[in-house]
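What follows is a short report on a single structure.
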Amino acid sequence: MPESAAVDASPNELALPSSIPDELLSACVHCGFCVPVCPTWDILREENDSPRGRLYLMRAEADGRVDPAGAFSVHLGRCLGCRACESACPAGVPYGHLLEQARARIPTRPVALRRQRWFLSALTNPAIAKFTYAVARLVRSVGVARALGRVLPGKTGQALRLLAATRPAFGHGPAAAAVTEVVDGARGTDGDVATYALLSGCVMDGLFAHVHEATRRTLAAIGLREVEATEQVCCGALHAHAGLLDEAREQARHNIEAFERTDCDWIIVDSAGCGAGLRDYPAWFADEPEWRERADALALRVRDVTEILAAELGRAGQPHVASGDSPILEGRVGYDAPCHLHHGQGVQQEPLDVLRALPGLDVETLPSSDRCCGGAGMYNLEHPDLAARVRAPKLAEVQRGGFDWIATGNPGCIMYLGAGLVRSGDQTPVVHPVELVDRAWS
Ligand code: SF4
Ligand code: SF4
């Protein structure tokens with residue numbers, strides 16, 4: 001939520017959702033274990049910009065002691081939503097869910113709300129987004145984004161750098177036919193060859209089709225069969241993070257129905273933020289038992305692509321491909337964990353296991369791998385200065401490390417880290433781990 005969007009409007013003018021459930025807020029025992037892991041507290045050294053301070057504000061707002069348009073909106077707005085505090089919390093406080101509900105209570109001027117909805121529609125509404133992404137791909141393909149992004153200041157320059165960072169590092173991937181033999185097919189829940197449906201997503205579909213292609217080829221190489229989930233839509237996470245919970249639930253209902261029709265073993269996701277969104281669907285329907293049950297069933301089938309690959313490589317080893325004995329890729333990889341994979345889904349070891357199994361690659365985790373890069377969805381556009389301060393130590397690690405590739409499994413992280421490298425003229429590609437797997441197996 002941009003600070004400028006929060007106003008001192010009377011809540012009576014605006015339809016606010018009901019209060020945050022007391023049992024969720026009261027789980028916090030104020031121990032403070034979460035404080036030192038919080039990037040915004042680390043930079044600002046202000047209790048209200050720590051998880052514990054933000055939880056105090058949520059409690060005060062629920063009790064009617066603070067105005068949701070005042071300090072509450074400022075400090076909740078500065079939160080990255082990285083959920084590092086959840087990993088550190090011994091009491092199991094569901095901070096991510098509380099944050100979404102708290103943001104839904106920040107009153108926003110109608111004009112700011114319209115602007116926010118319009119912006120999200122441009123990225124997520126298929127009828128509008130296809131034009132947004134077509135223009136973006138055209139700008140990207142002619143090299144304008146990188147060239148102008150390096151020199152232009154402000155939001156225009158930042159948007160161009162983010163776009164430049166989406167350019168495929170490997171061009172178009174190898175043809176699926178390059179895989180000459182697949183491992184014994186992965187088994188589904190009924191003992192047959194496992195089937196999966198891929199979450200298309202919005203930004204992933206528009207700007208990261210090359211990652212989807214790499215995902216499909218690697219899953220084919222380990223013997224999985226794809227079934228198409230037609231009529232699926234954006235996962236809703238961008239709306240939920242912005243506090244637009246009704247819109248997020250509408251998208252979730254649509255996806256639950258679309259994936260129920262596929263009857264596949266797994267719903268595979270190659271975007272950490274979207275995977276965390278799908279796995280959060282049950283919490284979004286806490287007050288709707290029928291949808292909650294269906295959301296639970298969907299969440300049980302969700303896997304990040306690296307979870308499937310790690311499990312299958314552990315079971316069957318690398319697929320036999322037409323590469324001979326010498327590795328196709330050789331070099332050093334710096335791995336940076338996306339917050340919504342590491343903290344949001346608890347998927348921590350699998351991406352590393354998959355990358356380390358590839359011949360020819362020397363894989364290290366960045367020292368700050370478990371800390372947010374500052375991208376955080378739309379956050380880096382709403383809070384550019386604070387986001388850049390969060391990112392700075394990680395960029396320094398990348399530049400000191402002399403890596404051949406940086407690998408991270410979330411589009412927002414690829415874009416924001418990549419944008420920082422574009423700005424500094426550093427050519428190190430930032431890629432999804434599955435792109436390296438795809439290349440190594442080609
Ligand atoms: S670690 Fe958990 S219980 Fe402790 S202050 Fe933070 S949120 Fe509250
Ligand atoms: S989600 Fe991240 S930025 Fe927000 S309070 Fe938790 S650790 Fe801090």
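Whatever order the structure lists ligands and atoms in, that order sets their numbers, starting from 1.
- With salt bridges taken as basic N to acidic carboxylate O contacts below 4.0 Å, one links E250 and R253.
- Using a 4.0 Å cut-off to heavy atoms of H30, the atoms of ligand 1 that qualify are 5 (S), 8 (Fe).
- Summary of contacts: the protein heavy atom closest to atom 6 (Fe) of ligand 1 is C34 SG, 2.3 Å.
- For C82, every N, O or S atom stays at 2.8 Å or more from atom 4 (Fe) of ligand 2.
- Among all protein heavy atoms, the one lying closest to atom 4 (Fe) of ligand 2 is C79 SG, 2.2 Å.
- Residues R54 and E61 are not paired through a salt bridge, judged by the lack of any N-O separation under 4.0 Å between the basic side chain and the carboxylate.
- Cation-pi contact between R217 and W441: absent, since separation from the ring centre below 6.0 Å together with deviation from the ring axis within 45° is not met.
- Interface of G81 with ligand 2, defined as ligand atoms under 4.0 Å from a residue heavy atom, comprises 1 (S), 4 (Fe).
- Each of the atoms 4 (Fe), 5 (S) of ligand 1 lies under 4.0 Å from some heavy atom of G32.
- Between Y281 and F285, the ring planes lie perpendicular to each other; the angle is over 60°, past the 30° to 60° tilted range.
- For ligand 1, the atoms closer than 4.0 angstrom to any heavy atom of P90 are 1 (S).
- C38 SG, 2.4 Å is the protein heavy atom nearest to atom 8 (Fe) of ligand 2.
- Counting heavy atoms of neighbouring residues, nucleotides and ligands inside a 6.0 Å radius, atom CD of E257 exceeds 12 of them.
- Applying the 6.0 Å contact sphere to CD of E293 captures no more than 12 heavy atoms from other residues, nucleotides or ligands.
- Cation-pi check for R115 over W118 is not met; the charged atom does not lie both under 6.0 angstrom from the ring centroid and within 45 degrees of its normal.
- Counting backbone and side-chain atoms alike, C85 contributes an N/O/S atom closer than 2.8 Å to atom 6 (Fe) of ligand 2.
- Atom 3 (S) of ligand 2 has its closest protein heavy atom at L80 N, 3.4 Å.
- For the ligand labelled ligand 1, residue G92 lies outside the 4.0 Å heavy-atom shell.
- For ligand 1, the atoms closer than 4.0 angstrom to any heavy atom of C31 are 1 (S), 3 (S), 4 (Fe), 5 (S).
- Interface atoms of ligand 1 facing V29, defined by a heavy-atom separation under 4.0 Å, are 3 (S), 8 (Fe).
- Of the residues listed (D265, L309, I267, I308), the one engaging R303 in a side chain to side chain contact (heavy atoms under 4.5 Å, CB included) is I308, and it is the only one.
- Taking the ring axis of F72 as reference, the NZ or CZ atom of R105 does not stay both within 45° of it and closer than 6.0 Å to the ring centre.
- Near R83, the atoms of ligand 2 lying under 4.0 angstrom from a non-hydrogen atom of the residue are 1 (S), 2 (Fe).
- Here L55 has side-chain heavy atoms under 4.0 Å from ligand 1, and that is the only part of it that gets that close.
- Between the side chain of D426 and the backbone N or O of L421, no donor-acceptor pair lies under 3.5 Å.
- With respect to the salt-bridge test (charged N to carboxylate O, under 4.0 angstrom), the residues E307 and R279 qualify.
- Under 2.8 Å from atom 2 (Fe) of ligand 1 lies an N/O/S atom of C89, whether from backbone or side chain.
- Closest to atom 5 (S) of ligand 2 among all protein heavy atoms lies R54 NH1, 3.2 Å.
- By the criterion of a heavy-atom distance under 4.0 Å, the side chain of Y95, and not its backbone, is placed next to ligand 2.
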